[in-house]
Amino acid sequence: MKLSGCNFHGVIVIVFVMLRISSTSAMTNFNVLNFGANPIGRTDSTDSFLKAWNAACSTADSTFIYVPKGRYLVGSLAFKGQCKSPQIIIRIDGTIVAPSDYGVLGKWENWVSFERVSGVSIIGQGAFDAKGPSLWACKASSSNSCPLGTTTLRFTNSNNITINGLTSLNSQMFHIAINGCQNVQIQGVKIIAAGDSPNTDGIHVQLSTNVEIFNSSIKTGDDCISIGPGTKNLWIEQVTCGPGHGISIGSLAKDLEEEGVQNVTVKKTIFSGTQNGLRIKSWARPSSGFVQGVRFIDSVMRNVQNPIVIDQNYCPHSENCPGQVSGIKIKDIRYENIRGTSSTPIAIKFDCSPKNPCTEISLRNVNLTYLDKDAQSFCCNVVGKVFDLVRPNSCL
């Protein structure tokens with residue numbers, strides 16, 4: 001774990017959370033069943049969950065909200081902050097279930113959202129089941145009547161947040177989104193959706209500082225982890241990804257004025273059958289944004305289409321592309337101890353901007369093959385260095 005310039009091992013996060021759990025006897029406790037929640041899932045429990053939150057939020061002591069085993073049918077839940085309680089722990093051991101009609105949630109941006117909260121922890125072995133497949137099928141039918149869909153769990157403008165041990169199933173769109181937050185720890189989560197599910201990013205982070213993601217398994221139809229503008233001091237370690245589109249910084253350059261991405265470490269990751277491994281992507285359009293200080297360390301690729309890729313001409317499906325030159329400045333990117341297999345001949349691709357070439361790119365101890373043969377590398381508008389063994393032969 002990396003925090004305030006210091007290096008710690010991720011196990012400290014576990015100890016910290018366990019200490020917080022062990023002290024719940026000294027907290028004011030609220031059980032959603034006491035507010036009328038139905039654990040069989042036959043009736044809507046939305047109001048019961050909101051009442052439990054409001055009770056905890058208005059209490060001056062540290063509080064504990066418990067969701068016992070069972071299935072709880074809920075609609076959109078918006079938990080607002082500025083609470084009296086300095087710490088709210090929510091333990092979910094049951095399953096939070098979305099309505100069967102995807103249109104009920106699909107009209108909302110978020111299913112479960114927290115805004116302007118501080119000191120909130122969501123823990124337990126429970127799950128969120130967003131019932132996304134029916135909406136995905138609607139989108140696959142090219143129907144114009146499909147709603148955009150909703151993000152399962154979002155934190156906005158919040159700080160000192162912990163998410164530990166939960167499972168997110170079949171989100172309509174993003175599973176977990178962290179936006180405008182500080183000091184966030186995500187550990188031991190499981191994210192599951194079909195490999196062809198549209199826009200179901202596992203964890204999305206943007207405009208946030210000091211975010212840590214540890215020991216998590218992500219299987220989804222889009223980026224396992226997507227990193228947006230304004231992300232600083234992000235540490236990702238021991239994450240498995242696949243199916244999915246890999247771990248991606250971007251897409252960037254959506255806006256002319258855009259905050260940069262800096263100080264990102266991705267360590268000890270495994271990619272299995274993914275579209276990409278370690279990716280940086282930006283649209284080919286002017287932007288004030290940048291990417292710098294990124295470290296990709298100790299990654300294993302198993303039959304990955306694009307194990308290492310920087311793409312500054314990003315244009316999914318070749319539709320509505322600006323056809324300009326990317327203004328994103330990419331520098332100081334290091335790849336160390338990256339190994340495994342590519343499912344395509346080109347295992348390393350650096351396709352950078354002619355106006356703003358990628359600089360200070362380094363490869364060290366990289367060993368990627370294609371069908372037990374030498375793979376290839378492609379470089380365009382990039383400046384960098386190679387250290388120690390690098391396969392395929394680098395074009396840097």
Side-chain angles (χ1 to χ4, degrees), residues 32-33 35-54 65-80 90-115 117 120 122-141 143 145-156 163 165-179 186 189-204 216-222 244:
V32 295
L33 297 180
F35 293 87
N38 185 326
I40 304 177
R42 291 179 179 174
T43 58
D44 192 305
S45 295
T46 303
D47 287 345
S48 301
F49 277 69
L50 291 173
K51 288 176 181 177
W53 170 262
N54 291 335
I65 300 174
Y66 184 48
V67 182
K69 291 182 179 180
R71 293 179 66 81
Y72 301 86
L73 174 65
V74 301
S76 180
L77 290 168
F79 299 120
K80 303 297 184 180
I90 305 170
R91 181 177 182 97
I92 301 174
D93 287 335
T95 299
I96 313 300
V97 183
S100 298
D101 180 359
Y102 60 74
V104 175
L105 283 186
K107 62 185 179 182
W108 298 94
E109 182 180 359
N110 306 300
W111 181 20
V112 180
S113 64
F114 293 81
E115 184 173 0
V117 301
V120 171
I122 304 178
I123 63 175
Q125 300 302 313
F128 293 93
D129 183 358
K131 295 183 178 285
S134 58
L135 176 60
W136 310 336
C138 179
K139 292 181 176 181
S141 70
S143 171
S145 62
C146 308
L148 184 61
T150 185
T151 293
T152 291
L153 177 63
R154 181 185 297 269
F155 280 88
T156 303
I163 303 171
L166 295 177
T167 297
S168 176
L169 298 170
N170 297 327
S171 184
Q172 290 189 356
M173 286 190 64
F174 290 9
H175 290 259
I176 299 173
I178 307 297
N179 181 28
I186 301 173
V189 301
K190 295 180 181 178
I191 292 173
I192 302 171
D196 59 353
S197 56
N199 303 117
T200 53
D201 292 41
I203 301 173
H204 177 72
S216 296
S217 170
I218 304 175
K219 302 176 180 181
T220 193
D222 210 298

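What's counted below: heavy atoms across the whole structure, side chains too, no hydrogens, waters or symmetry copies. None of the values given here were measured: they were computed from a predicted structure. Numbers here are sequence positions counted from 1.
Legend: residues meeting salt bridge (Lys or Arg N to Asp or Glu O under 4.0 Å) with D93, ordered by chain and number and at least two apart, are R91. By the ring-ring contact (aromatic ring centres under 6.0 Å, His included) test, F79 is found to be paired with W53, F114, residues two or more places apart in sequence or in another chain being considered. Annotation: ring-ring contact (aromatic ring centres under 6.0 Å, His included) contacts of Y102 (sequence neighbours excluded): none.
Rounding to the nearest 0.5 angstrom, the gap separating the CG atom in D201 from the CG atom in D222 is 4.0 Å. Atom CD1 of residue I90 and atom CD1 of residue I65 lie 4.5 Å apart, to the nearest 0.5 angstrom. Expressed to the nearest 0.5 Å, how far CD1 of I178 lies from CD1 of I163 amounts to 4.5 Å. Atom OG1 in T220 sits 9.0 Å away from atom CG in N170 (nearest 0.5 Å).
S141 and S143 are not linked by any side-chain donor-acceptor pair at a separation below 3.5 angstrom, with hydrogens and angles left out of the test.
Enclosure of atom NZ in K139 by more than 12 non-hydrogen atoms of other residues, nucleotides or ligands within 6.0 angstrom is indicated.
Legend: side chain to side chain donor-acceptor pair (under 3.5 Å) pairs involving residues 35-46, not counting sequence neighbours, sorted by first then second residue: N38-T43, D44-T46. Applying the salt bridge (Lys or Arg N to Asp or Glu O under 4.0 Å) test to residues at least two apart or on different chains, none of the pairs has a partner in residues 96-107.
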Pairs of donor and acceptor atoms involving the side chains of residues 124-132, under 3.5 Å and at least two apart or interchain, shall be tabulated with distances.
residue, atom, partner, partner atom, Å
D129, OD1, K131, N, 3.2

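Listed here is the closest heavy atom pair of V104 and P99: CG1-CG, 3.8 Å.
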